[in-house]
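Working notes for the structure below.
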Amino acid sequence: ANPQACLTKTKKTPYVHGYAESEAFMDAAGGYDVSETRSLDRIAVEWVDEIARLKFLKGGEKVGVLEDNCEPSHSVVDKYLVGGIKKYHPASVKTYESDCTAASAQAQPPALQNQMCIDGVTHVLLATSFVAAQSFLQSADGGPCGSGARKYTYMASDYSLLASDLFTRN
């Protein structure tokens, strides 16, 4: 069982924290789940807005979204981020998912990066944990899609705290 849901939904104990889940997850706690940061839903929607503002996608790109299959993050990425990206008319948008374990976050991204390269992905959005993103980037760094003419164009955001000071300094 999810300890956060046990505290907030079952025990009706207020839980104030710094990592927001999806709005649906937090709403299900009836006001007992409170985050200092924006919800994952809002961060994903704002990320889509930034894609337009920064002209990251102009139409015709092959977009790969690195994510994990942990809930509620997985559903939020698929609904709001991928759904929002489609309005910019990329040639394709596909998610590449690691399993929801710490070991998978480290072990699986190199194979996902290789598959993105094979699939001809041009633009990568890192909607996953720091560990998975780091493993992906290390794998891509020396490969044919990490450098040279086929080099990926990357974008990260506050989603999964990838733009926080803690991680951007590493």
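All values reported here derive from a predicted model rather than from experimental measurement. Residues take their numbers from the sequence shown, with the count starting at 1. Hydrogens, waters and symmetry mates are skipped; everything else that's a heavy atom, side chains included, is used.
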Taking the side chain as C-beta and beyond, is there a heavy-atom pair between Ser92 and Val63 under 4.5 Å?
-> no
Quick one: do the Thr128 and Glu67 side chains pair a donor with an acceptor below 3.5 Å?
-> no
Pair Gln134-Val131, side chain to side chain contact (heavy atoms under 4.5 Å, CB included): steps then yes or no = CA-CA 5 Å; Gln134 184 178 38; Val131 172; 5.6 Å; no
When Val124 is tested against each of Lys62, Met155, Met116 for side chain to side chain contact (heavy atoms under 4.5 Å, CB included), which residue passes?
-> Met116
Take Ile51 and Ile85 through the side chain to side chain contact (heavy atoms under 4.5 Å, CB included) test and state the conclusion after the steps.
-> CA-CA 8 Å; Ile51 288 170; Ile85 289 169; 4.0 Å; yes
Shared hydrophobic cluster, Leu40 / Met26 (ILVMFWY, side-chain heavy atoms < 4.5 Å) | no
Listed by chain and number, what are the salt bridge (charged side-chain N to carboxylate O under 4.0 Å, His left out) partners of Glu61, not counting sequence neighbours?
-> none
Taking all non-hydrogen atoms of both residues into account, name the closest pair between Glu50 and Arg53 and its distance.
-> OE1-NH2, 2.8 Å
Closest heavy-atom pair and its distance - Gln108, Glu97 | OE1-O, 4.5 Å
Taking the side chain as every heavy atom from C-beta outward, state whether Tyr96 and Val121 have any atom pair closer than 4.5 Å.
-> yes
Which atom pair, heavy atoms only, marks the closest approach of Asp68 to Ser129?
-> OD2-N, 4.3 Å
Closest approach of Pro109 and Ser135, non-hydrogen atoms and distance?
-> CB-OG, 3.9 Å
Could you tell me if the ring centre of Phe56 sits under 6.0 Å from that of His123?
-> yes
Report yes if the side chains of Asp99 and Asn69 come closer than 4.5 Å at any heavy-atom pair, otherwise no.
-> yes
Transitively linked via ILVMFWY side-chain contacts under 4.5 Å: Val65 with Trp47?
-> yes
Beyond-backbone contact of Leu137 with Leu126, side-chain heavy atoms, under 4.5 angstrom = yes
Closest non-hydrogen atom pair, Ala132 against Leu66 | O-CD2, 4.1 Å
Check whether the side chains of Gln113 and Ser139 place a donor and an acceptor atom closer than 3.5 Å, and report yes or no.
-> yes
Between Gln115 and Ile118, is any pair of side-chain heavy atoms under 4.5 Å apart?
-> yes
Any side-chain heavy-atom pair of Asp33 and Phe25 under 4.5 Å | yes
Smallest separation among heavy atoms of Ala52 and Tyr88, with atom names = CB-OH, 3.2 Å
Could you note down all residue pairs passing disulfide (SG to SG under 2.5 Å) where residues 20-94 supplies at least one of them, sequence neighbours left out?
-> Cys70-Cys100
Nearest-0.5 Å distance, OG of residue Ser39 to CD of residue Glu23 | 3.5 Å
Check the pair Phe136, Ser98 against side chain to side chain contact (heavy atoms under 4.5 Å, CB included), reporting the backbone distance first and the verdict last.
-> CA-CA 11 Å; Phe136 180 94; Ser98 65; over 6 Å; no
Spell out, as yes or no, whether a donor-acceptor pair under 3.5 Å connects the side chain of Lys58 to the backbone of Lys55.
-> yes
Donor-acceptor contact below 3.5 Å, side chain Glu71 vs main chain Ser75 | yes
Indicate whether any N or O donor in one side chain lies under 3.5 Å from an N or O acceptor in the other, for Thr8 and Gln4.
-> no
Out of curiosity, Lys151 NZ to Cys145 SG, how far, rounded to the nearest 0.5 Å?
-> 12.0 Å
Are Val45 and Ile43 connected, step by step, through hydrophobic side chains (Ile, Leu, Val, Met, Phe, Trp, Tyr) whose heavy atoms are closer than 4.5 Å?
-> yes
Verify side chain to side chain contact (heavy atoms under 4.5 Å, CB included) between Val48 and Tyr80, making sure each step is shown before the conclusion.
-> CA-CA 8 Å; Val48 170; Tyr80 295 104; over 6 Å; no
Shared hydrophobic cluster for Leu7 and Val16 (ILVMFWY, side-chain gaps under 4.5 Å) | no
Does Glu46 CD have over 12 foreign heavy atoms under 6.0 Å away?
-> yes
